[in-house]
Participant: 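Once you've had a glance at the structure underneath, I'll fire off some questions.
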Amino acid sequence: MPPVGTAAAPAPAITTSTSTSTSTTNSSEDRPCAERLAARILGLLLPHRRASDPEFDARPEHFPLQLAQLADFIAAGEPIVFTLPGFPCKSPNPAKVLGHLPDEGERLSLTFLDRLCAEIGRLHAPGARILICSDGHVFGDLINVPDDHIDAYSDELTAMIAREGLHRLDTFDLRAVLGDLPYDEKRARVHERYAPTVEELREQVLTEEETLRLYRGITRFLTEDTVGFPGSRSALQRECRRRAYGVIQRSRAWGELIAEHHPRAVRLSIHPQPAGVAKFGIRLLAAADVWTTPWHSSVLHREDGGWELLRSGEAERLGRLVLRDGRPSHYESHVGSHVGSHVASRPDDGPESAADSRR
């Protein structure tokens with residue numbers, strides 16, 4: 001089988017002014033000092049942790065793998081690199097989202113991630129960057145989203161990063177790995193080389209609590225996102241359980257490919273994770289459901305200034321639709337406003353105030 005792809009050229013190192021950093025690093029820094037700084041940096045991540053064990057009082061020492069990875073970058077005097085699979089495409093269910101392009105939910109989330117890197121840069125002078133590894137094409141056929149919608153979403157995400165000046169973020173997807181090959185062929189190559197077998201996953205679902213939780217979460221999303229299914233509810237659930245195994249196979253394959261291309265990177269995850277595992281779960285925006293993401297929902301700007309992810313139908317009940325550049329962006333809570341009325345977005349309706357509200 002031909003190779004899946006060659007590693008992309010590394011992104012240029014991100015630098016920040018040493019005058020605003022509380023510590024500088026260089027290749028001669030001793031390991032104990034690097035480890036202490038790694039613990040401080042992990043402390044910046046912990047308030048935003050997306051946990052499958054929220055009752056656990058997690059502290060930096062409970063994440064030995066991440067501490068070691070961070071310390072390696074620090075000791076080498078290099079920018080810290082995080083990889084985050086996610087931002088695939090919008091849900092195909094119009095009751096959950098405002099359309100198939102990124103909106104205010106993605107904009108706020110990306111801004112939060114860029115600011116998190118900036119906070120790290122105040123501790124570690126070489127800075128940090130996050131590589132957004134968009135996985136929509138990896139399983140688009142299994143979630144019933146057309147490849148042209150995924151392309152449009154990914155292209156707008158990249159444009160959004162550029163417009164907002166989020167220079168600490170980069171993007172990576174199948175196009176960066178396999179170029180212009182047909183997407184079905186790209187998916188087949190990645191699946192064949194990296195994916196676990198269905199039998200392996202079935203065993204893990206039976207024996208591993210985290211895999212069972214992931215399987216159930218993906219099955220629920222597939223059930224909610226399937227529109228116009230011709231069969232019964234029980235037939236839909238059977239179909240979604242089958243597809244859930246395929247989504248997990250492809251997601252695992254994508255994770256292996258990312259690790260092969262970026263072997264030193266600290267792995268973030270948009271899924272809830274327990275302490276001490278290889279992935280650090282990261283929460284992008286507030287939501288009642290720990291599984292909710294900007295691409296499965298719409299965002300409501302609450303009267304108290306906070307932002308919350310909700311199904312579009314629920315957000316519409318609580319607020320009024322805001323347009324940005326002529327497209328639906330988010331909902332604005334307003335007592336007494338007519339539900340569904342359109343308002344023009346204000347210049348200060350930006351990610352700055354949203355990010356501050358999440359601190």
Participant: Check step by step if side-chain contact (heavy atoms from CB on, under 4.5 Å) holds for R189 and L178.
Facilitator: CA-CA 9 Å; R189 289 195 183 194; L178 288 169; 4.2 Å; yes
Participant: Please determine whether residues L323 and Y331 belong to a single hydrophobic cluster, defined as Ile, Leu, Val, Met, Phe, Trp and Tyr linked transitively by side-chain heavy-atom distances below 4.5 Å.
Facilitator: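 Yes, L323 connects to Y331 through the hydrophobic network.
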Participant: Would R264 pass as a cation-pi partner of F73, given that its NZ or CZ must be under 6.0 Å from the six-membered ring centre and within 45 degrees of the axis?
Facilitator: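 Yes, R264 lies over the aromatic ring of F73.
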Participant: Decide yes or no on salt bridge (Lys or Arg N to Asp or Glu O under 4.0 Å) for D225 and R220, but give the supporting numbers first.
Facilitator: CA-CA 9 Å; D225 288 357; R220 175 165 67 90; over 6 Å; no
Participant: Does P294 reach the side chain of L284, with side-chain heavy atoms less than 4.5 Å apart?
Facilitator: yes
Participant: Please round to the nearest 0.5 Å and tell me the distance separating atom CD of E203 and atom CD of E208.
Facilitator: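 Those atoms lie 8.5 Å apart.
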Participant: So, the side chain of S333 versus the backbone of H301: is there a donor-acceptor pair under 3.5 Å, distance only?
Facilitator: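 Yes: the side chain of S333 pairs with the backbone of H301.
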Participant: Between D53 and P274, is there a donor-acceptor pair closer than 3.5 Å when you use the side chain of the first and the backbone of the second?
Facilitator: no
Participant: Do T223 and Q237 have side-chain N/O donor and acceptor atoms under 3.5 Å apart?
Facilitator: no
Participant: Rounded to the nearest 0.5 Å, how far apart are CG of L116 and CD1 of I120?
Facilitator: 5.0 Å
Participant: Is there a side-chain contact between S312 and K96 in this structure, where contact means two heavy atoms from C-beta onward sitting under 4.5 Å apart?
Facilitator: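 Contact flag for S312/K96 side chains = no.
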Participant: Identify the heavy atoms of A128 and C117 that sit nearest to each other, and give their distance.
Facilitator: O-CB, 3.5 Å
Participant: Check whether H62 reaches the backbone of R59 with its side chain - one donor and one acceptor, N or O, closer than 3.5 Å.
Facilitator: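 Yes: the side chain of H62 pairs with the backbone of R59.
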Participant: Using a strict 4.0 Å threshold on nitrogen-to-oxygen distance, state whether R129 and D170 make a salt bridge.
Facilitator: yes
Participant: Is there a donor-acceptor pair under 3.5 Å between the side chain of E185 and the backbone N or O of P182?
Facilitator: no
Participant: Which heavy-atom pair separates P263 from E260 by the least distance, and what is that distance?
Facilitator: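 It is CD-O, 3.8 Å.
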Participant: With clusters defined by side-chain heavy atoms of hydrophobic residues (ILVMFWY) lying less than 4.5 Å apart, directly or transitively, does L101 cluster with W295?
Facilitator: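 No, no single cluster joins them.
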Participant: Does I161 offer a backbone N or O that forms a donor-acceptor pair with the side chain of E164 under 3.5 Å?
Facilitator: no
Participant: Can you check whether P272 reaches W291 side chain to side chain, under 4.5 Å on heavy atoms?
Facilitator: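 The answer is yes, as the side chains (C-beta and beyond) meet within the 4.5 Å cut-off.
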Participant: Which pair of non-hydrogen atoms, one from P92 and one from V145, has the smallest distance, and what is that distance?
Facilitator: CD-CG2, 3.9 Å
Participant: Is a side-chain donor or acceptor of S134 paired with a backbone partner of F87 at a separation under 3.5 angstrom?
Facilitator: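 Yes.
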Participant: Is there a side-chain contact between L123 and L44 in this structure, where contact means two heavy atoms from C-beta onward sitting under 4.5 Å apart?
Facilitator: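 SC-SC contact between L123 and L44 confirmed.
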Participant: Applying salt bridge (Lys or Arg N to Asp or Glu O under 4.0 Å) as the test, list every pair that has at least one member in residues 63-74; sequence neighbours left out.
Facilitator: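 Checked against salt bridge (Lys or Arg N to Asp or Glu O under 4.0 Å) - neighbours excluded - the pairs reaching residues 63-74 are R31-D72.
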Participant: How close do R283 and P47 get, heavy atom to heavy atom, and via which atoms?
Facilitator: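 Scanning both residues completely, I find the closest heavy atoms to be NH2-O, 3.1 Å.
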Participant: Is the shortest distance from a Lys or Arg side-chain nitrogen in R311 or E314 to a carboxylate oxygen in the other one below 4.0 Å?
Facilitator: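 Salt bridge between R311 and E314, a charged N being under 4.0 Å from a carboxylate O: no.
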Participant: Please tell me if the side chains of R175 and S154 come closer than 4.5 Å, counting only heavy atoms from C-beta onward.
Facilitator: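 The answer is yes, as the side chains (C-beta and beyond) meet within the 4.5 Å cut-off.
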Participant: Using the rule that two of Ile, Leu, Val, Met, Phe, Trp, Tyr join whenever any of their side-chain heavy atoms come within less than 4.5 Å, decide whether L181 and L257 are in one cluster.
Facilitator: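 Same cluster: L181 reaches L257 through Ile, Leu, Val, Met, Phe, Trp or Tyr contacts under 4.5 Å.
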Participant: Which value, rounded to the nearest 0.5 Å, describes the distance between I130 atom CD1 and L84 atom CG?
Facilitator: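 Separation between the atoms: 6.5 Å.
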Participant: Looking at D147 and R187, does any basic side-chain N land under 4.0 Å from a carboxylate oxygen?
Facilitator: yes
Participant: For the aromatic rings, using the six-membered ring if either is Trp, is the centroid distance between F112 and W307 under 6.0 Å?
Facilitator: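 No: the rings miss the under 6.0 Å criterion.
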Participant: Considering only heavy atoms from C-beta outward, does the side chain of K90 approach that of L98 to under 4.5 Å?
Facilitator: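 A side-chain contact under 4.5 Å is absent here.
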Participant: For A265 and Q69, which heavy atoms make the closest approach, and how far apart are they?
Facilitator: O-NE2, 3.5 Å
Participant: Are any of the side-chain nitrogens in E199 or R202 under 4.0 Å away from the carboxylate oxygens of its partner?
Facilitator: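 Looking at E199 and R202, the cut-off is not met.
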Participant: Quick one: does any side-chain atom of R50 pair with a main-chain N or O of G281 as donor and acceptor, under 3.5 Å?
Facilitator: no
Participant: Can you tell me how far apart CG (L108) and OG (S329) are? Round to the nearest 0.5 Å.
Facilitator: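 Going from the CG atom of L108 to the OG atom of S329 covers 8.0 Å.
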Participant: Before giving the answer on side-chain contact (heavy atoms from CB on, under 4.5 Å), spell out for I218 and I248 the whole-Å C-alpha distance, their side-chain angles and the decisive distance to 0.1 Å.
Facilitator: CA-CA 8 Å; I218 291 177; I248 296 174; 3.6 Å; yes
Participant: Taking the basic N atoms (NZ, or NE/NH1/NH2) and the acidic carboxylate oxygens, is any pair closer than 4.0 Å for E156 and R163?
Facilitator: yes
Participant: Report yes or no: does W254 contribute a side-chain atom to a donor-acceptor pair with the main-chain N or O of G136 at less than 3.5 Å?
Facilitator: no
Participant: Testing Q249, K186, R252 one by one against H191 for a side-chain contact (heavy atoms from CB on, under 4.5 Å), which residue passes?
Facilitator: Q249
Participant: F221 and H296: aromatic ring centres closer than 6.0 Å?
Facilitator: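 Yes.
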Participant: Taking it one step at a time, do H330 and R324 satisfy side-chain contact (heavy atoms from CB on, under 4.5 Å)?
Facilitator: CA-CA 9 Å; H330 63 283; R324 188 183 294 278; 4.3 Å; yes
Participant: Working to the nearest 0.5 angstrom, can you tell me the gap between D141 CG and R243 CZ?
Facilitator: 10.0 Å
Participant: Looking at A58 and R49, what are the two nearest heavy atoms and their distance?
Facilitator: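 Looks like CB-NH1, 3.6 Å.
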Participant: Report the residue from L131, T111, D114 that forms a side-chain contact (heavy atoms from CB on, under 4.5 Å) with L169.
Facilitator: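 Testing each of L131, T111, D114 against L169, the sole residue satisfying side-chain contact (heavy atoms from CB on, under 4.5 Å) is D114.
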Participant: Within the side chain of T226, is there an N or O that forms a donor-acceptor pair under 3.5 Å with the backbone of F229?
Facilitator: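 Looks like no, no N/O pair under 3.5 Å.
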Participant: Just do the side-chain contact (heavy atoms from CB on, under 4.5 Å) check on I74 and I41 with the steps written out, would you?
Facilitator: CA-CA 10 Å; I74 294 166; I41 290 172; 3.9 Å; yes
Participant: Mind checking the CZ-CG spacing from R115 to L113? Nearest 0.5 Å is all I need.
Facilitator: 12.0 Å
Participant: Using the rule that two of Ile, Leu, Val, Met, Phe, Trp, Tyr join whenever any of their side-chain heavy atoms come within less than 4.5 Å, decide whether I258 and V277 are in one cluster.
Facilitator: no
Participant: Taking the side chain as C-beta and beyond, is there a heavy-atom pair between P85 and R267 under 4.5 Å?
Facilitator: yes
Participant: Just wondering, more than 12 heavy atoms not from D304 lying within 6.0 Å of its CG?
Facilitator: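 Enclosed: over 12 neighbouring heavy atoms sit under 6.0 Å from CG of D304.
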Participant: List in chain and number order the residues that pass side-chain hydrogen bond (donor to acceptor under 3.5 Å, both in side chains) with Q273, two or more places apart in sequence or in another chain; answer none if no residue qualifies.
Facilitator: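 Only S269 meet the side-chain hydrogen bond (donor to acceptor under 3.5 Å, both in side chains) criterion with Q273.
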Participant: Do Y183 and I150 sit in the same hydrophobic cluster, where Ile, Leu, Val, Met, Phe, Trp and Tyr count as joined when their side-chain heavy atoms come under 4.5 Å apart?
Facilitator: no
Participant: State yes or no: are the ring centers of Y245 and Y215 separated by less than 6.0 Å?
Facilitator: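 Ring centroids of Y245 and Y215 are less than 6.0 Å from each other.
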Participant: Would you say the side chain of S251 lies within less than 4.5 Å of the side chain of V138, judging by non-hydrogen atoms?
Facilitator: no
